[in-house]
Protein chains: 2
Amino acid sequence: MQPEGRSMRENILAAAVQLFSEYGYHAAPLRDIARLAGIQAASIYHHYPSKQALLVEIMEKHMQQLNSKLERILHEYHDPLDRLREAIANHIRLHTSNKAEFFIIDTELRALEGEHRTRIIAMRDTYDAMIQEILRDGMERGVFHPSDVKVTSYAIIALCTQVSSWFRPGGRLSVQQVIDIYYQMVSQGLVRVPEHKDEQKREESVRT
Amino acid sequence: MQPEGRSMRENILAAAVQLFSEYGYHAAPLRDIARLAGIQAASIYHHYPSKQALLVEIMEKHMQQLNSKLERILHEYHDPLDRLREAIANHIRLHTSNKAEFFIIDTELRALEGEHRTRIIAMRDTYDAMIQEILRDGMERGVFHPSDVKVTSYAIIALCTQVSSWFRPGGRLSVQQVIDIYYQMVSQGLVRVPEHKDEQKREESVRT
DNA sequence: GTCTATATCGGGATAGAC
DNA sequence: GTCTATCCCGATATAGAC
């Protein structure tokens with residue numbers, strides 16, 4: 001079932017990714033992972049010390065990638081709009097090219113035990129902090145509307161993250177189209193403004 | 001541990017809500033639920049036929065509430081902006097007043113078996129369809145920017161749903177403040193527009 | 001490096017007394 | 001309506017042969 005060019009270690013991890021994302025960590029039996037990889041359950045222990053180790057390896061690898069790519073974007077770009085667009089694009093690209101892996105990251109944090117949990121959550125917090133830095137800087141420079149930085153960052157991340165739950169490669173929309181739609185929405189919002197009233201208007205309370 | 005005014009049936013459900021949301025459905029042992037409710041595991045079966053039944057009852061009850069409230073909003077309001085604001089408010093109000101329950105709905109759909117799964121997913125699809133109707137109508141009437149209705153609906157729902165994962169009652173922000181921030185963001189977006197250029201501009205491709 | 005066989009445990013669920 | 005005792009199964013993980 002698995003391509004032959006991969007090592008058994010990789011085969012096992014790929015099988016774990018598939019089953020963890022499909023049934024969840026606790027509901028995916030090691031025996032099934034083994035069967036998908038074409039070996040017996042006991043043989044997994046030659047490559048990994050535990051089931052938990054599979055989960056940790058999946059999460060760590062891809063969180064690291066997400067973080068390091070965003071870090072590079074922050075160094076390369078300095079205009080808040082560029083940063084925002086590139087951050088959204090980065091998030092969506094990874095969440096679509098590695099759908100299953102990021103779906104696991106976003107749904108199985110609870111399944112991590114002790115140390116591992118603390119470490120992965122710290123990585124996620126680092127990511128959050130970088131997004132918040134983009135927003136804070138953009139607001140200070142008057143490019144973004146003033147607004148609650150933390151809440152806004154959660155909102156943007158939630159938005160782009162969820163892509164991994166409905167996106168189908170080769171489906172109706174290309175990755176780039178999804179990126180464009182989301183960037184449009186985050187930056188401009190839904191509402192069309194037919195005439196240009198005093199822009200202070202939006203600073204007032206939303207509810208009349 | 002549980003208030004005395006509730007029936008044991010309710011006690012058990014409340015315990016299940018707490019543990020399912022904290023550890024996940026599969027990781028929450030029935031014995032622990034029983035202990036939280038102050039009885040033995042076997043006694044649960046006098047009130048519920050199975051562990052699965054607890055999950056189904058939690059999900060069905062609150063999805064029904066979410067749907068019926070949105071349905072009423074669609075009947076009461078006809079202006080797209082009112083509808084959007086009320087839909088967001090409804091979603092966020094329920095997701096904050098019943099944090100744990102909706103967190104379960106949003107993370108444990110996979111844990112539903114057979115029939116139940118189909119039924120709950122159908123309820124969710126009904127909800128999606130109502131949100132999409134608000135968007136479609138608003139775009140047709142020129143109140144919203146033209147954009148992909150499905151993707152936009154997923155985005156809004158993802159945004160408002162995630163509130164249940166970080167919101168703390170009695171925390172820094174009130175429910176109404178969160179609603180205002182989110183409505184602001186969905187309707188207006190992040191980017192401040194200092195001068196009012198030709199509004200057709202936004203219809204063009206985002207990437208130069 | 002993979003196998004078969006098995007240890008060990010904890011899970012959901014049931015039986016039947018009170 | 002709740003209890004104790006227990007069934008039965010499937011889970012992760014280990015031992016040791018090949």
Side-chain angles (χ1 to χ4, degrees), chain A residues 1-59 104 107-108 110-117, chain B residues 1-59 104 107-108 110-117:
Chain A
M1 287 293 156
Q2 303 286 355
E4 293 299 331
R6 282 192 293 196
S7 69
M8 180 52 74
R9 204 186 135 80
E10 289 169 316
N11 273 355
I12 293 167
L13 202 70
V17 165
Q18 185 179 327
L19 294 183
F20 288 171
S21 70
E22 197 167 344
Y23 303 110
Y25 176 75
H26 292 292
L30 215 57
R31 286 178 172 89
D32 290 3
I33 295 173
R35 186 152 26 85
L36 244 181
I39 54 175
Q40 291 298 313
S43 307
I44 288 183
Y45 290 87
H46 180 74
H47 303 275
Y48 295 92
S50 66
K51 185 185 180 183
Q52 175 84 191
L54 287 166
L55 183 62
V56 171
E57 179 141 329
I58 293 165
M59 290 192 169
I104 292 168
T107 54
E108 297 293 351
R110 276 180 307 185
L112 286 169
E113 297 156 15
E115 290 294 298
H116 307 305
R117 179 127 158 221
Chain B
M1 288 291 156
Q2 303 285 354
E4 294 299 331
R6 281 192 294 196
S7 69
M8 181 51 73
R9 203 186 136 82
E10 289 169 316
N11 272 355
I12 295 168
L13 202 69
V17 164
Q18 185 178 326
L19 295 182
F20 287 172
S21 70
E22 196 166 345
Y23 302 111
Y25 176 75
H26 292 292
L30 215 56
R31 286 176 171 87
D32 290 4
I33 296 174
R35 184 152 27 85
L36 244 181
I39 54 175
Q40 291 299 311
S43 307
I44 289 183
Y45 290 88
H46 179 75
H47 303 276
Y48 294 93
S50 67
K51 186 184 182 185
Q52 176 84 192
L54 288 167
L55 183 62
V56 171
E57 178 141 329
I58 293 166
M59 290 194 169
I104 293 169
T107 54
E108 297 293 353
R110 278 180 307 186
L112 286 168
E113 298 156 14
E115 291 293 299
H116 306 304
R117 180 130 159 218

Could you state the atom-to-atom distance from [atom1] of [X] to [atom2] of [N] in whole Å?
X: A:L30; N: D:dT12; atom1: CG; atom2: P; answer: 5 Å
X: B:D32; N: C:dG12; atom1: CG; atom2: C1'; answer: 13 Å
X: A:R35; N: D:dT12; atom1: CZ; atom2: P; answer: 12 Å
X: A:Q40; N: D:dC18; atom1: CD; atom2: P; answer: 17 Å
X: B:H26; N: D:dT12; atom1: NE2; atom2: C1'; answer: 16 Å
X: A:L54; N: D:dA11; atom1: CG; atom2: P; answer: 16 Å
X: A:M8; N: C:dT2; atom1: CE; atom2: C1'; answer: 9 Å
X: B:I33; N: C:dG11; atom1: CD1; atom2: P; answer: 11 Å

Contact class for A:A28 vs. all strands (heavy atom < 4.0 Å): base, sugar-phosphate, or nothing? sugar-phosphate

Under 4.0 Å, heavy atoms only, any strand: does B:A41 hit a base, just the sugar-phosphate, or nothing? nothing

Short side-chain to backbone donor-acceptor contact, A:E113 and A:Q52, under 3.5 Å: no

Taking B:E108 first and then A:R110, would you say they form a salt bridge - that is, a charged N and a carboxylate O separated by under 4.0 Å? yes

Can you identify which nucleotide, out of D:dA15, D:dT2, C:dT2, has its nearest atom closest to the A:I39 side chain? C:dT2

Nearest-nucleotide pick for B:P29, side chain only, options being D:dA11, D:dT14, C:dG11: C:dG11

Contacts to DNA chain C from residues 45-52 of chain B, heavy-atom cutoff under 4.0 Å, which residues? B:Y45, B:S50, B:K51

If only side-chain N and O atoms of B:S43 are considered, is one of them under 4.0 Å from the OP1 or OP2 phosphate oxygen of D:dC3? yes

B:R31 (side chain) and C:dG12 (base): donor-acceptor pair under 3.5 Å: yes

What's the spacing between A:L13 CG and A:I58 CD1 if we round to 0.5 Å? 5.0 Å

Of all heavy-atom pairs between B:A15 and B:A37, which one has the smallest distance, and what is that distance? CB-N, 4.2 Å

List the steps, then state whether side-chain contact (heavy atoms from CB on, under 4.5 Å) holds for B:I104 with B:Y25. CA-CA 8 Å; B:I104 293 169; B:Y25 176 75; over 6 Å; no

Test side-chain contact (heavy atoms from CB on, under 4.5 Å) on B:D32 and B:Y23 and set out the steps. CA-CA 11 Å; B:D32 290 4; B:Y23 302 111; 5.8 Å; no

Side chains of A:S7 and A:E10, donor plus acceptor under 3.5 Å: yes

